[in-house]
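Below, chain A is the first sequence line, B the second, and so on; all start at residue 1.
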Amino acid sequence: MQKNLKTEFCGLKLNSPIVLLSGCVGFGEEYTRIDGFSNADVGAICLKGTTLEPRLGNMPHRVTETPSGMINAIGLQNPGTDMVINDIMPNLDKSETRFIINISGSSVEEYGEITKRFDDTDIDAIEINISCPNVKEGGVAFGNDPDMSYRVVDICRKNTSKAIITKLSPNQTDIAFSAQRCIDAGTDGLAVINTLMGMSIDTNTKKPIIGNNQGGLSGPAIKPIALLKVHQVYQISKHHNVPIIGQGGITTANDAIEFIVAGAATIGIGTALFYNPLVCHKINDGISQYLTDNKLDSIDELVGTLALNNFISSCK
Amino acid sequence: MNRSTIQVVDCQILAHYQFESAQFILTLASDSIAQKTKPGQFVHITVSDALAMRRPISIMSVDAKNGTFDLLYKVVGEGTRQLSERKVGDVLSIIGPIGNGFKLTDKKLPLLIGGGVGMPPMIAIAQQIKDTDYDPFVILGSEVPFPFTPELSKMGNPCPKVSHTMPLLEGWGVACRLASLQGYEGVFKGFVTDLARTYLDALSVEDLVQVEVYACGPHPMLEAVANLAKEYNLPCQVSLEEYMACAVGGCAGCVVKVQTNQGVAMKRVCVDGPVFDVTTVF
């Protein structure tokens with residue numbers, strides 16, 4: 001791995017700024033089936049979304065292609081916290097990369113309980129998926145309401161001393177305000193953005209293609225939106241030294257560099273792997289070359305270097 | 001887990017033939033896939049740079065010596081439409097071989113039932129066992145003209161009045177008959193399961209216990225095959241399909257509902273399948 005790719009994120013030392021995203025790479029071993037793929041090529045892996053009890057997930061279809069992207073609604077299929085801690089985590093090869101557990105709950109208390117359980121393990125960090133519905137309080141997603149987001153992060157913070165990364169939903173009015181509330185509650189990092197909700201319809205049957213009717217849109221289609229959200233969140237997070245994993249439609253090194261310039265300290269790769277399982281080599285090489293070409297020693301020197309145009313007000 | 005078992009390879013198109021009703025047979029070059037593939041496995045194909053997702057397609061046959069493999073597909077959507085436009089000499093990115101494949105058991109009379117684009121895995125099994133002590137019988141069904149020209153079979157006829165076969169299988173010395181509701185010449189007029197019943201009813205009691213059913217095809221066909229296997233008390237393996245994203249087990253996008261000893265589970269078609277014991281899925 002190129003030396004200039006080494007970085008630090010929420011106290012974790014990373015080989016590369018690439019973070020593989022939760023839900024795309026199972027529990028860390030699945031992609032190693034691919035010859036030429038190595039977990040050592042990425043800085044960290046966010047494991048599959050885990051809930052307190054096992055979940056079967058949604059009925060098919062769970063994925064469908066859309067223009068420049070795809071919609072998924074997996075429904076948090078996972079074996080539950082006990083099995084993840086007892087059967088899966090002991091087999092992770094921690095010499096290769098850092099592992100981040102991604103947790104989901106249907107109540108504030110459930111988030112607190114899962115966090116407490118993982119606090120007792122050797123997991124490197126905890127990512128909170130706040131885009132789940134608050135089943136106890138009307139079913140609105142926690143992440144769509146800044147105060148509910150605050151309560152979730154707050155209870156997780158009280159239950160762990162490990163680094164907490166909060167994954168922000170773009171399906172809300174003011175993502176920067178939500179970021180502020182999560183920072184107030186004590187999050188160490190932010191993941192920007194989760195998928196955008198979308199739908200695809202089969203015109204023969206007049207039914208949604210996705211079994212769950214709606215699902216999360218990912219892939220290059222959402223990249224410009226994700227980039228703007230990172231820029232908006234960075235305007236808040238930079239004042240608190242809270243780093244961002246920039247994510248949403250990144251498929252090339254240039255995409256990754258755009259996110260870093262906008263304010264991301266690390267970059268998330270998910271859907272791009274489905275098209276090219278070996279894409280991380282290309283992105284690592286491209287970022288490293290860019291740093292060399294621009295005489296930068298590390299990514300830190302590039303984060304948030306966006307130079308906004310200043311002539312907007314002159315157009316009358 | 002089995003690390004490094006799946007290759008990512010650029011494969012050149014060596015041949016690409018179109019048949020009636022937008023069916024295509026694609027021949028690709030890859031030593032590793034041709035040599036490693038087991039019957040029932042599939043490849044995940046980048047059909048074009050314009051589409052964000054790959055397409056999973058079953059492997060029909062391999063030529064390990066020359067390093068090539070064949071796929072049969074039908075144009076059903078945008079992905080297969082764009083694939084159909086790719087020319088000889090073009091290079092496609094392929095991930096494979098993927099999946100558990102069929103498990104050949106000690107039952108010496110495999111009954112292979114393939115419908116539509118479910119034919120390829122049956123042909124793949126036939127290729128593997130053609131020169132062994134297995135004595136397979138293949139039934140292929142299609143409601144559009146077959147993607148080959150059916151010919152009169154010279155092999156022993158277990159199904160009277162049904163005379164035509166697939167030339168490739170005839171050449172391999174594998175007995176085969178065809179079924180369709182369309183009334184094609186020499187082809188059984190009816191469902192594949194009706195033709196299978198004719199075959200099974202002609203077997204002795206001793207032979208019947210040597211039958212294992214292997215099937216791939218549309219869901220209603222597989223359901224009928226499941227009922228047939230249950231009625232005759234035959235073990236049966238079926239290959240399933242589902243919309244797929246990663247194809248390596250990472251995203252849990254391609255699951256099907258499966259009955260296990262621990263109750264209902266959602267299993268991934270890509271790496272837990274695509275082949276399942278019929279009693280667990282129907």
*Asks:* CZ/B/F42 to CG/B/L71 distance, rounded to the nearest 0.5 angstrom?
*Replies:* 12.0 Å
*Asks:* Please look at A/N91 and chain B and tell me whether the side chain, the backbone, both or neither of the residue comes under 4.5 angstrom of a heavy atom of that chain.
*Replies:* neither
*Asks:* Any side-chain donor paired with an acceptor under 3.5 Å for A/Q2 and A/D285?
*Replies:* yes
*Asks:* Examine distances only and state if a side-chain atom of B/S21 and a backbone atom of B/Q23 form a donor-acceptor pair shorter than 3.5 Å.
*Replies:* no
*Asks:* With a cut-off of 6.0 Å (strictly less than), are more than 12 heavy atoms of other residues, nucleotides or ligands near NZ of A/K94?
*Replies:* yes
*Asks:* Checking B/T5 against chain A: side chain, backbone, both or neither under 4.5 Å from a heavy atom?
*Replies:* both
*Asks:* Name the orientation class of the two ring planes belonging to A/F37 and A/Y31 (parallel below 30°, tilted from 30 to 60°, perpendicular beyond 60°).
*Replies:* tilted
*Asks:* Which residues in residues 45-56 of chain A have any heavy atom lying under 4.5 Å from a heavy atom of chain B?
*Replies:* A/K48, A/L56
*Asks:* Most heavy-atom pairs under 4.5 angstrom with chain A, which of B/I95, B/V256, B/V255, B/I98?
*Replies:* B/V255
*Asks:* What part of B/V264 lies closer than 4.5 angstrom to a heavy atom of chain A: side chain, backbone, both or neither?
*Replies:* both
*Asks:* Find the one option among B/G77, B/A50, B/C246, B/C254 whose heavy-atom pairs under 4.5 Å with chain A are most numerous.
*Replies:* B/C246
*Asks:* Decide, yes or no, whether a salt bridge links B/K267 with B/D272 under the criterion of side-chain N to carboxylate O below 4.0 Å.
*Replies:* no
*Asks:* In Å, rounded to the nearest 0.5 Å, how long is the span from CG of B/L83 to CG of B/L92?
*Replies:* 6.5 Å
*Asks:* Counting only non-hydrogen atoms closer than 4.5 Å, can you tell me which residues of residues 65-81 of chain A sit against chain B?
*Replies:* A/E65, A/S68, A/G69, A/M70, A/I74, A/Q77
*Asks:* Treating B/D277 as the side-chain partner and B/T279 as the backbone partner, does any N or O pair qualify as donor plus acceptor under 3.5 Å?
*Replies:* yes
*Asks:* Measuring from B/R54:CZ to A/N276:CG, what's the distance to the nearest 0.5 Å?
*Replies:* 6.5 Å
*Asks:* State, without any angle test, whether A/T252 and A/N254 hold a side-chain donor-acceptor pair at a distance under 3.5 Å.
*Replies:* no
*Asks:* Without hydrogens or angle criteria, can the side chains of A/T97 and A/N39 be said to hold a donor-acceptor pair below 3.5 Å?
*Replies:* no
*Asks:* If I take atom CG from residue B/D70 and atom OG1 from residue B/T27, how far apart are they, to the nearest 0.5 angstrom?
*Replies:* 3.5 Å
*Asks:* Do you know which of B/Q7, B/E78, B/E242 has the most heavy-atom pairs under 4.5 Å to chain A?
*Replies:* B/E242
*Asks:* Taking A/C24, A/A221, A/G219 one by one, which has the highest count of heavy-atom pairs under 4.5 Å against chain B?
*Replies:* A/C24
*Asks:* Any donor-acceptor pair under 3.5 Å linking the side-chain atoms of A/S106 with those of A/E110?
*Replies:* yes
